[in-house]
**Q** 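Can you keep this structure in mind? I'll have questions shortly.
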Amino acid sequence: MSVKQCSQEELERRWRLMLGSEADNLPLQQQDAALDRTLAALYDPGERRGGLQGSAPNVARWLGDIREYFPSSVVQLMQKDAMDRLGLHQMLLEPEMLRSVQPDVHLVATMLSLNRLMPSKTKETARQVVRQVVQELERKLANPMRQAVSGSLNRAARNNRPRHNEIDWLRTIKANLRHYQADYQTIVPEQRVGFARKTQALRDIVLCVDQSGSMAPSVVYASIFAAVLATIKAVSTQVVVFDTAIVDLTDLLSDPVEVLFGTQLGGGTDINRALAYCETLVHRPQETIFVLISDLYEGGNAAQMLARARAMAASGMQMICLLALDDNGAPSFDRHHAAQFAAMGVPCFACTPDKFPDLMAAAIRKQDMAAWAAQQDIAVAG
């Protein structure tokens with residue numbers, strides 16, 4: 001119901017729920033009283049002293065209440081507000097609390113940032129919560145990624161003795177049009193044309209992911225996409241996460257949950273050091289797609305970082321810098337460094353998860369990625 005269609009009574013009800021205790025003169029019906037208490041526990045300054053803080057059972061009940069009164073998208077927002085406003089992070093170290101929350105990407109990011117602090121009794125529950133979110137995201141994202149990437153691979157090489165699943169039907173039909181049998185209204189394929197059997201990947205993909213605190217949702221999405229890419233045999237995928245240290249998680253790609261628990265969110269940022277490590281992974285620059293997922297706030301040697309990035313771009317690899325890979329809109333990033341990257345021919349822009357499969361498909365086709373971003377109405381930095 002739009003505001004224009006609301007009755008005066010409904011308008012007063014909405015204002016009362018929005019304003020909380022500041023509008024006590026506006027009456028509430030009994031059915032809205034519990035909802036009002038739920039909102040007040042989080043948003044009413046007068047209730048904060050005795051609201052959610054300090055009691056895990058109270059928080060667990062509150063988490064159940066918001067799931068009863070609000071849709072899932074609002075529940076996730078209120079959970080995030082509770083983390084920010086009331087400092088409930090420590091309560092997530094209790095397995096009883098984890099079973100009460102509505103799992104989402106931001107909750108997973110928060111849990112991963114607490115990973116090193118979790119007692120052993122909590123970690124198994126945390127893994128279950130993370131796996132639930134990962135499985136849901138994989139259901140949404142895996143097929144679009146596989147279809148986009150597989151459909152974009154270069155299949156120029158040909159096989160004159162293909163197996164059935166290797167036949168290129170379009171080229172086979174064109175090659176045998178002269179053998180069309182009018183009586184049977186069919187083509188007799190005397191010559192079969194197939195896709196060549198590959199002995200190595202057509203493209204090498206390196207995802208280099210900044211795991212500093214501000215990049216937490218991007219780490220979650222990047223880990224899932226990396227795991228999906230690893231199932232596509234025609235590409236070779238490697239994933240590296242970094243802050244001031246570097247961890248190569250490629251061996252864990254069979255399980256994105258293990259990839260996520262291999263990260264350590266928070267800490268500083270040394271992009272230069274991460275680029276230096278990733279250089280050692282590149283053996284075919286012309287066939288390599290290098291995706292740096294970072295806000296470009298460098299805590300190490302910025303001059304060396306820019307020099308190293310310039311050398312990598314000049315080597316012939318296709319470099320892309322994603323300032324964020326999440327649903328949060330315009331990210332905060334180092335504009336000076338983004339402009340420097342752009343001057344090297346490395347496009348810098350934020351990307352939402354739903355567009356990432358198309359982005360990788362365009363990169364595999366060796367398209368101009370700045371032009372691709374412009375076609376998607378994505379603002380390119382620099």
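Bear in mind that the values here come from a model prediction, so they are computed numbers and not experimental data.
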**Q** Does a side-chain heavy-atom distance below 4.5 Å link Ile293 with Tyr221?
**A** no
**Q** Under 4.0 Å between a side-chain nitrogen and a carboxylate oxygen: does that hold for Glu138 and Arg131?
**A** no
**Q** Given salt bridge (charged side-chain N to carboxylate O under 4.0 Å, His left out), test Glu298 with Arg273 step by step and report yes or no.
**A** CA-CA 10 Å; Glu298 173 64 311; Arg273 191 176 177 191; over 6 Å; no
**Q** Closer than 3.5 angstrom, by distance alone: can the side chain of Ser218 be matched with the main-chain N or O of Leu325 as a donor-acceptor pair?
**A** yes
**Q** Residues two or more places apart in sequence or in another chain: which of them pass side chain to side chain contact (heavy atoms under 4.5 Å, CB included) with Arg127?
**A** Glu124, Val257, Glu258, Phe261
**Q** Give every donor-acceptor pair under 3.5 Å between a side-chain atom in residues 303-318 and any protein atom, sequence neighbours left out.
**A**
{"residue": "Gln304", "atom": "OE1", "partner": "Asn272", "partner atom": "ND2", "Å": "3.2"}
{"residue": "Arg308", "atom": "NE", "partner": "Asn272", "partner atom": "OD1", "Å": "3.0"}
{"residue": "Arg308", "atom": "NH1", "partner": "Glu279", "partner atom": "OE1", "Å": "2.9"}
{"residue": "Ser315", "atom": "OG", "partner": "Met312", "partner atom": "O", "Å": "2.6"}
{"residue": "Gln318", "atom": "NE2", "partner": "Gln367", "partner atom": "O", "Å": "3.2"}

**Q** Do Val134 and Val220 touch side chain to side chain, with heavy atoms closer than 4.5 Å?
**A** no
**Q** Applying side chain to side chain contact (heavy atoms under 4.5 Å, CB included) between Cys348 and each of Leu292, Leu323, Ile320, Val380, report the one that passes.
**A** Leu323
**Q** Could you tell me which residues satisfy ring pair (Phe, Tyr, Trp, His ring centres under 6.0 Å) with Tyr297, sequence neighbours excluded, listed by chain and number?
**A** none
**Q** Look only at the side chain of His337 and the backbone of Leu296, and say whether a donor-acceptor pair between them is shorter than 3.5 Å.
**A** yes
**Q** With sequence neighbours excluded, give me every side chain to side chain donor-acceptor pair (under 3.5 Å) pair touching residues 372-382.
**A** Lys355-Gln376
**Q** Hey, does the side chain of Asp368 reach the backbone of Ala371 with a donor-acceptor pair shorter than 3.5 angstrom?
**A** yes
**Q** Check whether any side-chain heavy atom of Arg203 lies under 4.5 Å from a side-chain heavy atom of Met360, and answer yes or no.
**A** no
**Q** Does Asp243 reach the side chain of Asp270, with side-chain heavy atoms less than 4.5 Å apart?
**A** no
**Q** Kindly write out the residues that satisfy ring pair (Phe, Tyr, Trp, His ring centres under 6.0 Å) with Phe225, not counting sequence neighbours, or none if the list is empty.
**A** Phe356
**Q** How about Thr186 and Tyr180: do any of their side-chain heavy atoms sit closer than 4.5 Å?
**A** no
**Q** Looking only at atom types and distance, does a side-chain atom of Arg178 sit under 3.5 Å from a main-chain N or O of Ala175, one as donor and one as acceptor?
**A** yes
**Q** Could you list the residues that satisfy salt bridge (Lys or Arg N to Asp or Glu O under 4.0 Å) with Arg139, not counting sequence neighbours?
**A** Glu136
